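A quick write-up on the structure given underneath.
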There are 2 protein chains.
Amino acid sequence: MTTTTQGDAEARERVLEAADRLFYAKSAHAVGMDELRAEAGVSLKKLYSLFDGKEALVEEVLRRREEAITAATMKYVLRASTPEDQILAVFDWMADSSGTTDFRGCAFINSYAELGPSSERVTAVVRHQKSGVRGAIAAMVAATGRPEWVADSIFLLFEGAMTNTAITVSSEPARQAQVAARFLLEKTA
Amino acid sequence: MTTTTQGDAEARERVLEAADRLFYAKSAHAVGMDELRAEAGVSLKKLYSLFDGKEALVEEVLRRREEAITAATMKYVLRASTPEDQILAVFDWMADSSGTTDFRGCAFINSYAELGPSSERVTAVVRHQKSGVRGAIAAMVAATGRPEWVADSIFLLFEGAMTNTAITVSSEPARQAQVAARFLLEKTA
DNA sequence: TACAGTAGAGAACGAGCGTTCTCCACGGCA
DNA sequence: TGCCGTGGAGAACGCTCGTTCTCTACTGTA
């Protein structure tokens, strides 16, 4: 029946939203399915009818998070006028995001770290997302006509700033990374 | 009695060595105290007589790991002749370390990621170690007379390369970071 | 009103964890 | 030889987790 399918979609959305928030804030293994059930306002039965299990849920949360992050950064990127400023805008996004007290770094790196080599499926997702971010930066850098190693460098600055922003609980690393990226772009102009 | 204290010191060493290896390879929460006991060849009773519990053990492992990493990188750093090459040598260490199949990135970031905000004690240790690495790089850069933002940039490249080396399972990120660091040093000479 | 099927609440289950406790074998001393 | 205390092996405990199962209440239909 179409009505139940409609309700399922809504419940699914609520679960994924709650899972994304809780997994990111406390790390996935620290969030129980029952806590998740309560937060999403759904029954345990429905939870397991919507998803194959916790690992599948983690996988889907990571997949959706890439979309959300891409959308969020795009708002900053598209605001910039020059291609160079577009590249630098991703660090503005990071600096602003770190202002929220629950910023805990890169969700993909965190997932990789907490899972260890135990789940090849999730590791594959993490790898894929990372290459996506890298590809986005590479495309923007390529559009400015600069060599690929510049893109690689900016990507590494991005990664380093993500983890350090989380650990230091400040937007300073994001700003430092932006300074370095700007320098790279200027000297390779 | 001094003899038992002597034996305790040896057992303690074995436990810490095994814990460091297992925690790093599989993440701390995935290693049970019994697995650790077996690996270290020690009884559960002695394990708990030597350490106050798992969290205290994690703390001490992280503290010791900093010493070990510092020593390992120093071997590379001291081999270099110029101050600039000394800075770049840390990326040689990283590239070589990533050759071992069990390289899993920065142990401190991994600990931060898997623990979440649950243990402020361990987070404090992580923060301290990170500022140590950063300080070491800052000192080397300062010795060359370059401004502090260059040190910040190289530190972020270091961090980004550590995580990406682990995720991509290759030494490429370490090399890319070295290229970027060399560029920074040349252009700020 | 009687009934079938669905979905929610939450008990139940088996596994794994950190930690403690019990039991027993062994070695130094009278 | 008999005793005592130390330490090892591992059973036990209490807890939490992911997952499944049971029971009950409800809703739409004849």
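As the structure is a computational prediction, the values presented were derived from the model and not from experiment. Chain letters run A, B, ... following the sequence lines, proteins first, then strands; residues in each count from 1. These values consider heavy atoms only, across backbone and side chains, with no hydrogens, waters or symmetry-generated copies.
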Step-by-step salt bridge (Lys or Arg N to Asp or Glu O under 4.0 Å) determination, A:E17 to A:R12: CA-CA 9 Å; A:E17 184 278 327; A:R12 201 181 155 83; over 6 Å; no
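- One can place CG of B:D8 at 7 Å from P of D:dG7, the figure rounded to the nearest angstrom.
- The side chain of A:K45 lies closest to D:dC23 when the candidates are D:dC23, C:dA11, C:dT19.
- Remark: C1' of C:dT6 and NZ of A:K46 are 10 Å apart, rounded to the nearest angstrom.
- Atom CG of A:D96 is surrounded by more than 12 heavy atoms from other residues, nucleotides or ligands within 6.0 Å.
- Across the protein-nucleic acid pair, A:L44 atom CG and D:dG18 atom C1' stand 9 Å apart, rounded to whole Å.
- Atom pair A:L115:CG and D:dG18:C1' shows a separation of 15 Å (rounding to whole Å applied).
- The CZ-P distance, from A:R37 to C:dA7, rounds to 17 Å in whole Å.
- Residues A:E84 and A:R146 form a side-chain contact, since some pair of their non-hydrogen atoms from C-beta on lies under 4.5 Å apart.
- The residue among B:D34 and A:S43 whose nearest nucleotide of DNA chain C is located toward the 5' end is A:S43.
- Taking the side chain as every heavy atom from C-beta outward, B:I109 and B:M162 never approach each other to under 4.5 Å.
- At a cut-off of 3.5 Å, with distance as the only test, a side-chain donor of B:W93 or B:S97 sits close to an acceptor on the other residue.
- For the contact set between residues 47-55 of chain B and DNA chain C, defined by any heavy atom under 4.0 Å, the members are B:Y48, B:G53, B:K54.
- A:Y24 has its side chain within reach of A:R65: a pair of non-hydrogen atoms, C-beta onward, lies under 4.5 Å apart.
- Residue-to-nucleotide proximity on DNA chain D shows that, of B:V42 and A:M33, the 5′-proximal contact is made by B:V42.
- Remark: C1' of C:dC17 and CZ of B:F23 are 13 Å apart, rounded to the nearest angstrom.
- Note: CG (B:L36) to P (C:dG18) measures 9 Å, nearest angstrom.
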